[in-house]
Protein chains: 2
Amino acid sequence: MPRNATATRDRLIKAANELFYGDGIRSVSMDAVAAKAGVTKRTLYYHFDSKDDLVAAYLTAQDQPTLAQFARWFDEIDGPLPEKVAGLFSHVATATQHPKWKGCGFLRTAAELASTPGHPALKAGAAHKKRFEAWLAAEIAAAGHNEAGTLARQIVVLLDGAVSMMLVHRDPSYIETAGTVAANLVTQDQTGGTANRAI
Amino acid sequence: MPRNATATRDRLIKAANELFYGDGIRSVSMDAVAAKAGVTKRTLYYHFDSKDDLVAAYLTAQDQPTLAQFARWFDEIDGPLPEKVAGLFSHVATATQHPKWKGCGFLRTAAELASTPGHPALKAGAAHKKRFEAWLAAEIAAAGHNEAGTLARQIVVLLDGAVSMMLVHRDPSYIETAGTVAANLVTQDQTGGTANRAI
DNA sequence: GTCTATAGCTTGATAGAC
DNA sequence: GTCTATCAAGCTATAGAC
């Protein structure tokens with residue numbers, strides 16, 4: 001049993017992640033999170049002021065690992081930009097096959113907490129989605145496209161739509177459909193699509 | 001106070017709709033639904049076996065009105081198919097400006113109940129989304145396109161993605177972006193885009 | 001920092017009268 | 001079909017000891 005505050009906090013966030021992502025926010029009790037982390041509820045409330053605070057910490061902790069995962073997928077794929085974009089959707093399609101997959105945690109939290117506009121977890125989720133869009137725009141710009149911002153926005157709409165439809169129908173063909181459209185948008189963008197990023 | 005069973009049941013579903021859509025499923029109690037409908041909880045449990053049963057009835061009741069609303073919007077718009085599709089997104093963008101708008105009730109329910117796979121409300125939501133896609137495919141086919149099924153699927157992904165991003169960022173420009181992409185997909189589909197639906 | 005114990009309230013669902 | 005009354009369990013959060 002670690003007596004280190006940071007280690008305990010990390011275990012609490014890890015437990016919160018597994019439970020909140022797995023079962024949803026409101027259906028998971030603070031008792032359950034504390035029990036999963038192996039501490040009492042009093043310790044949980046020592047590290048987090050409230051459940052809302054814990055939910056925000058859980059989503060914030062998912063931000064960087066999620067971005068890193070997408071960046072890894074993107075780097076893995078060889079070939080021109082349209083293929084890299086299509087490959088991103090293929091990787092997502094594969095990930096959704098995992099038995100524990102239950103949609104995008106950021107989108108699901110936005111859906112469940114839609115009635116509490118100022119909630120800190122909603123701000124964390126929106127910030128993550130903006131960071132993802134900005135990362136994608138930077139990758140597209142680096143590949144020599146002038147309309148990188150527009151393309152990135154179109155692609156995130158397709159990606160989040162595909163993930164939403166996958167959650168509803170459990171049919172990965174929606175993701176393939178979206179990936180094809182996204183790749184075509186990149187191909188059709190002729191403002192700089194054929195330019196070389198080198199001097 | 002109506003003593004008619006159907007009228008009471010309708011009032012209960014109306015109350016459930018306002019509360020479940022407004023605040024989410026798990027944060028609304030059966031007490032709250034009964035109180036909003038002006039009956040006691042015992043009466044609510046006379047009409048519905050359980051909360052899950054009520055949630056499914058709420059979503060099922062939204063199916064036809066939602067489809068009818070989209071069909072009305074679609075009919076209102078004059079012009080060729082790409083303009084009708086773009087206009088559909090514009091109507092959605094306007095609807096999301098309403099202060100009570102809190103995303104797509106079907107998607108939000110799918111998100112909140114993602115941990116209970118066989119839930120009857122999830123089946124009702126998936127059936128609604130399938131019906132919407134089928135309606136759109138039929139409209140596209142009626143306009144003379146051969147790839148109506150593919151186009152409809154691409155458009156629903158864009159529409160649900162746009163609505164999801166609107167819920168996260170509260171920025172209607174995502175819907176306009178998606179509408180432009182959708183209209184371009186219809187325009188680019190040359191398999192029958194210029195054919196006349198008449199003999 | 002972590003514990004035991006509990007306050008104070010709300011929940012989904014039911015018993016039984018009329 | 002609708003009522004009053006209530007159960008047993010769950011909830012978020014806190015008091016106070018060590």
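Chain identifiers are assigned alphabetically (A, B, ...) following the order of the sequence lines, protein sequences preceding nucleic acid strands; residue numbering begins at 1 within each chain. All of these numbers come straight from a predicted model, not from anything done at the bench.
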Residue set satisfying ring-ring contact (aromatic ring centres under 6.0 Å, His included) with A:Y45, at least two apart, ordered chain then number -> none

Does [N] have OP1 or OP2 under 4.0 Å away from a side-chain N or O of [X]?
X: B:S50; N: C:dG12; value: no
X: B:Y46; N: D:dT2; value: no
X: A:T8; N: C:dT2; value: yes

How long is the line joining [atom1] of [X] and [atom2] of [N], in whole Å?
X: A:D52; N: D:dC11; atom1: CG; atom2: C1'; answer: 14 Å
X: B:R11; N: D:dT2; atom1: CZ; atom2: C1'; answer: 11 Å
X: B:F48; N: C:dG12; atom1: CZ; atom2: P; answer: 15 Å
X: B:L44; N: C:dG12; atom1: CG; atom2: P; answer: 10 Å
X: B:L12; N: D:dG1; atom1: CG; atom2: C1'; answer: 12 Å

Q. Does A:E112 use its side chain to pair, donor to acceptor, with the backbone of A:I25 at less than 3.5 Å?
A. yes

Short N-O contact, A:D171 and B:R153, less than 4.0 angstrom: yes

Only residue of B:D49, B:T43, B:L44 satisfying side chain to side chain contact (heavy atoms under 4.5 Å, CB included) with B:H47 is B:T43

Using the rule that Ile, Leu, Val, Met, Phe, Trp and Tyr join whenever any side-chain heavy atoms are under 4.5 Å apart, tell me whether A:L107 and A:L158 fall into a single cluster.
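No.
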
I'd like a list of close polar pairs between nucleotides 6-11 of chain C and the protein, N/O only, cut-off under 3.5 Å.
from	atom 1	to	atom 2	distance (Å)
C:dT11	OP1	B:S29	OG	3.4

Quick note, salt bridge (charged side-chain N to carboxylate O under 4.0 Å, His left out) partners involving residues 68-87 of chain A, not counting sequence neighbours, are none

